[in-house]
Amino acid sequence: MPVPDKKIVINKLEKKYGCSFSMIKGKKIMYQGIVDGKQIVICTPHSKIHAIGKGWFDLTTKQVELLDDADIAVLVVRLEGGNIYIVDFKELRKMMTLDNQIVNPREGEHWKFYIWGNNIQVRGCLNKFQAVPERMIS
């Protein structure tokens with residue numbers, strides 16, 4: 001089963017939050033909207049399931065800044081196989097430090113995340129963030 005389509009996921013979130021989302025200019029997986037007068041930002045990365053049995057994705061410092069600046073920040077990871085993980089980014093953010101940030105010439109400054117089962121883990125952090133997947137039909 002492929003990765004859930006981001007348009008279907010955004011439609012689900014529009015119903016959940018009772019607002020409409022527009023794509024943030026220049027950002028393919030980031031959306032914004034207004035809920036009860038508060039700015040909400042959605043980031044929806046995706047991953048295939050790799051041979052080691054889990055997925056992984058990166059968040060750049062720019063993506064994290066946009067999420068940090070929002071009143072409500074939601075990370076919605078779309079995983080091959082039809083699952084999505086809807087996460088309060090402000091809670092996950094507590095596990096992200098400069099010490100576990102990765103820098104390389106190709107991708108610049110970013111954080112790498114591993115996802116499987118009921119866990120999301122920031123590379124370089126021993127703690128695991130509990131997240132229960134939801135099935136999506138694309």
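By convention here, the first residue in the shown sequence is residue 1. Note: hydrogens, waters and symmetry copies are ignored here, and every other heavy atom, side chains too, is used. These numbers were taken from a predicted model, which means no experiment stands behind them.
Side-chain contact between Lys12 and Ile84 is present, with heavy atoms from C-beta onward closer than 4.5 Å. At least one side-chain heavy atom of Trp111 sits less than 4.5 Å from a side-chain heavy atom of Thr61. Val41 is listed as a side-chain neighbour of Met30, based on a closest heavy-atom distance under 4.5 Å. At least one side-chain heavy atom of Glu14 sits less than 4.5 Å from a side-chain heavy atom of Ile10. Inter-residue side-chain proximity for Leu75 and Phe113 is flagged as unmet; no heavy-atom pair is nearer than 4.5 Å. Counting heavy atoms from C-beta on, the side chains of His46 and Lys6 never come closer than 4.5 Å.
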Exercise. Report the C-alpha distance between Asn83 and Glu134 in whole Å, list the side-chain angles of each, state the deciding distance to 0.1 Å, and finish with yes or no for side-chain hydrogen bond (donor to acceptor under 3.5 Å, both in side chains).
Key: CA-CA 5 Å; Asn83 283 337; Glu134 286 183 43; over 6 Å; no
Quiz item: Would Ser47 and Val3 count as a side chain to side chain contact (heavy atoms under 4.5 Å, CB included) if you check the C-alpha gap in whole Å, the side-chain angles of each, and the deciding distance to 0.1 Å?
Solution: CA-CA 7 Å; Ser47 177; Val3 172; over 6 Å; no
Quiz item: Taking it one step at a time, do Thr44 and Arg78 satisfy side chain to side chain contact (heavy atoms under 4.5 Å, CB included)?
Solution: CA-CA 7 Å; Thr44 182; Arg78 298 172 291 126; 2.9 Å; yes
Exercise. Apply the test side chain to side chain contact (heavy atoms under 4.5 Å, CB included) to residues Asp68 and Phe89: give CA-CA distance (whole Å), side-chain angles for both, the deciding distance (0.1 Å), then the verdict.
Key: CA-CA 8 Å; Asp68 283 346; Phe89 178 75; 3.6 Å; yes
Exercise. Take Gln32 and Ile42, measure what side chain to side chain contact (heavy atoms under 4.5 Å, CB included) needs, and give me the verdict at the end.
Key: CA-CA 6 Å; Gln32 62 188 350; Ile42 306 288; over 6 Å; no
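Tested against Cys19 for a side chain to side chain contact (heavy atoms under 4.5 Å, CB included), the candidates Asp36, Leu13, Val35 yield a single pass: Val35.
Here the shortest heavy-atom pairing between Lys38 and Asp71 reads CA-OD2, 3.5 Å. Among all heavy-atom pairs drawn from Gly55 and His50, the shortest one is CA-CD2, 4.0 Å. Of all heavy-atom pairs between Pro45 and Phe57, the closest is CG-CD1, 3.7 Å. Considering every non-hydrogen atom in both Gly117 and Pro133, the closest pair reads O-CD, 3.7 Å. Nearest approach of Gln39 to Ile34, heavy atoms of both residues: CA-CD1, 4.0 Å. Closest approach of Lys90 and Asp88 over heavy atoms only: N-OD1, 3.0 Å.
Cluster membership check: Leu66 does not share its hydrophobic cluster with Val74, using side-chain heavy-atom separations under 4.5 Å among Ile, Leu, Val, Met, Phe, Trp and Tyr. Grouping the Ile, Leu, Val, Met, Phe, Trp and Tyr side chains by contacts below 4.5 angstrom, directly or via other members, places Leu67 with Ile115. Residue Ile86 is grouped with residue Val9 when hydrophobic side chains (ILVMFWY) are merged at heavy-atom distances under 4.5 angstrom, including chains of intermediate members. Under the 4.5 Å side-chain heavy-atom criterion for grouping Ile, Leu, Val, Met, Phe, Trp and Tyr, Tyr85 is not connected to Val76 through any hydrophobic cluster. Linking Ile, Leu, Val, Met, Phe, Trp and Tyr residues whenever their side-chain heavy atoms come within less than 4.5 Å leaves Leu79 and Ile8 in two separate clusters.
Between the CG atom in Asp58 and the CG atom in Asn104 there is a gap of 8.5 Å [rounded to 0.5 Å]. Atom NZ of residue Lys62 and atom NZ of residue Lys27 lie 6.5 Å apart, to the nearest 0.5 angstrom. How far CD of Gln130 is from CG of Asn118: 6.5 Å, rounded to the nearest 0.5 Å.
In this structure, Lys112 contributes its side chain and Gly124 its backbone to no donor-acceptor pair below 3.5 Å. Of the possible polar contacts, one joining the Gln121 side chain to the Cys125 backbone as a donor-acceptor pair under 3.5 Å is found.
In this structure, Tyr114 and Trp56 have perpendicular ring planes: the angle between them is above 60°, well past the 30° mark.
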